[in-house]
Engineer: 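Structure incoming, see below.
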Amino acid sequence: MIYNAGYVLPGLALFAALVLGPFLLAAGGPYRPPALTPAEKGVSCIEERAVMAAGHRVLLFAWRDAAVCRNSRLYLASDGRSWTVSLEGTCLACHSRKAGFCDSCHAANLVTPSCWGCHKAPEKP
Amino acid sequence: MILSRRRFLGLAAAAVTTLPAAAAAAVADFGGRCRTSPGALAAGQWAMVIDSRRLARPERRAAVIAACHAFHNVPDLPGPRRVAWIEQHSFAETFPGLPSAFSPANLADRIFLTLCNHCRNPPCVRVCPTGATFRRQDGIVGMDSHRCIGCRYCMAACPFGARSFNFEDPRPAAVNPVYPLRERGVVEKCTFCAGRLSEGRLPLCVEAADGAIAFGDLADPASSVRSLLAENFAVRRNPGLGTEPGVYYIL
């Protein structure tokens, strides 16, 4: 039993329409992944491709805290290889065309990482 | 179905506690896979002994400063906006209260290299509201630019002026592409080359000083710094403040 159901229910309906409207209107074709420049070096990434695509944010933030706060600068990957914990020295050494890789995927997903003000890698065209 | 208030609150509390734990368990533990590098240099308390007699010539001090600032991309800005990890100061500036009108001329005119003292009791760490500056187990006072919000409490707390604020973007100063820059609005300082230590290498100033700066473990009686301190009378900057600086000067 709801008090003032005559006002509350239409109000809720209006609220739901306003909140969901933009999503429903924009829901059109499928997400088209952007074209990515392949890595310059290496045959596989640090972890499985799917793990990297879904979790590289978590990985990078864990790397940042490990290196700067805990002085742990060696990463043991699940396949047994070990990597130096470094954004420029490791990630961008393989993904050296950052504009066509990191940046174009972030642009397509409206993600704006704040790293590049400080982490400056030599840009390759 | 009517939920009692008590049951509703119980369910809500259960959801709030278990959902984040489940979400965290679903994400791989990347941090747990990070190790200290096998060749890393370790210590109980890192410290530095600067033989100021052997750094009396200006070009020797300039070489030391250049080695540090070039690697760490420290910009060369004039005036009050300057940023420095290692600087030069006069006898009176470096050791307030120590000189007298009758101090020997070779001391009164000497210029000293000054840097973060990596105090055992660091006031900057006490005042930092975000944990961006912290004291490590090995005595290094670390600086995490990622967590710095630019409040500058640490600069007010540091009695040695060892910290610099970025009033502007130091972007044009990118010399070394493998060391990150800093941005407008963060504080920076010497880190005793924490990254190099973890690669098994000594700090850059120590290498550039060609023997005039020793670096080692105060907790190890056989270390180079301990034997230097046992053989020479060395002073620290403003020890009366009780911060226990870790940089010693042989006069």
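Because the structure is predicted, anything quoted here is derived from the model rather than measured. Order of the sequence lines sets the chain letters (A, B, ...), proteins ahead of strands, with each chain counted from 1.
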Engineer: Please classify the contact between A:R73 and chain B as side chain, backbone, both or neither, with a heavy-atom cut-off of under 4.5 Å.
Structural biologist: both
Engineer: Is A:E47 close to B:R33 at the side-chain level, that is, under 4.5 Å between some pair of heavy atoms?
Structural biologist: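 When only atoms from C-beta onward are counted, A:E47 and B:R33 do touch, with a gap below 4.5 Å.
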Engineer: Give the ring-plane orientation class for B:F30 versus A:Y75, where under 30° counts as parallel, over 60° as perpendicular and anything between as tilted.
Structural biologist: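 Ring orientation of B:F30 relative to A:Y75: tilted.
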Engineer: Looking at OG of B:S145 and NE2 of A:H119, how far apart are the two atoms once the value is rounded to the nearest 0.5 Å?
Structural biologist: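 Answer for the OG-NE2 pair, B:S145 versus A:H119, is 7.5 Å.
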Engineer: Heavy-atom distances under 4.5 Å only: say whether A:A54 touches chain B with side chain, backbone, both or neither.
Structural biologist: neither
Engineer: More than 12 non-hydrogen atoms from neighbouring residues, nucleotides or ligands closer than 6.0 Å to CD on B:E244, yes or no?
Structural biologist: yes
Engineer: Counting heavy atoms not belonging to A:R81, are there more than 12 under 6.0 Å from its CZ?
Structural biologist: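 Counting neighbours around CZ of A:R81, more than 12 heavy atoms of other residues, nucleotides or ligands fall under 6.0 Å, so yes.
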Engineer: Show the nearest heavy-atom pair for residues A:N71 and B:S198, with the distance to one decimal.
Structural biologist: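 Residues A:N71 and B:S198, closest heavy atoms: OD1-CB, 3.6 Å.
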Engineer: Checking B:R147 against chain A: side chain, backbone, both or neither under 4.5 Å from a heavy atom?
Structural biologist: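 Side chain of B:R147 only, per the 4.5 Å heavy-atom cut-off to chain A.
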Engineer: Need one label for A:S78: side chain, backbone, both or neither, based on atoms under 4.5 Å from any heavy atom in chain B.
Structural biologist: both
Engineer: Taking atom CZ as the centre, does B:F167 end up with more than 12 heavy-atom neighbours from other residues, nucleotides or ligands that are less than 6.0 angstrom away?
Structural biologist: yes
Engineer: Around B:F134, counting heavy atoms of other residues, nucleotides and ligands shown, do more than 12 lie under 6.0 Å from its CZ?
Structural biologist: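 Counting other residues, nucleotides and ligands, CZ of B:F134 exceeds 12 neighbours.
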Engineer: Just so I understand: if I count every heavy-atom pair under 4.5 Å between each of A:L92, A:L74, A:T84, A:V68 and chain B, which residue has the most?
Structural biologist: A:L74
Engineer: Nearest 0.5 Å please: distance from the CZ atom of B:R35 over to the OG atom of A:S72.
Structural biologist: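 The OG atom of A:S72 is 8.5 Å from CZ of B:R35, to the nearest 0.5 Å.
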Engineer: Heavy-atom distance under 4.5 Å between the side chains of B:P180 and A:K120, does that happen here?
Structural biologist: no
Engineer: Under 6.0 Å from the CD atom of B:E199, do we count more than 12 heavy atoms belonging to anything else shown?
Structural biologist: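 Above 12, so yes.
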Engineer: Side chain, backbone, both or neither: which part of A:D65 has a heavy atom under 4.5 Å from chain B?
Structural biologist: side chain
Engineer: Do B:D144 and A:C69 have side chains that get closer than 4.5 Å, going by heavy atoms?
Structural biologist: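 Yes, at least one pair of side-chain atoms sits under 4.5 Å.
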Engineer: With respect to chain A, which residue among B:T36, B:I140, B:L197 yields the maximal number of heavy-atom pairs within a distance under 4.5 Å?
Structural biologist: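 Counting heavy-atom pairs under 4.5 Å, the top option is B:T36.
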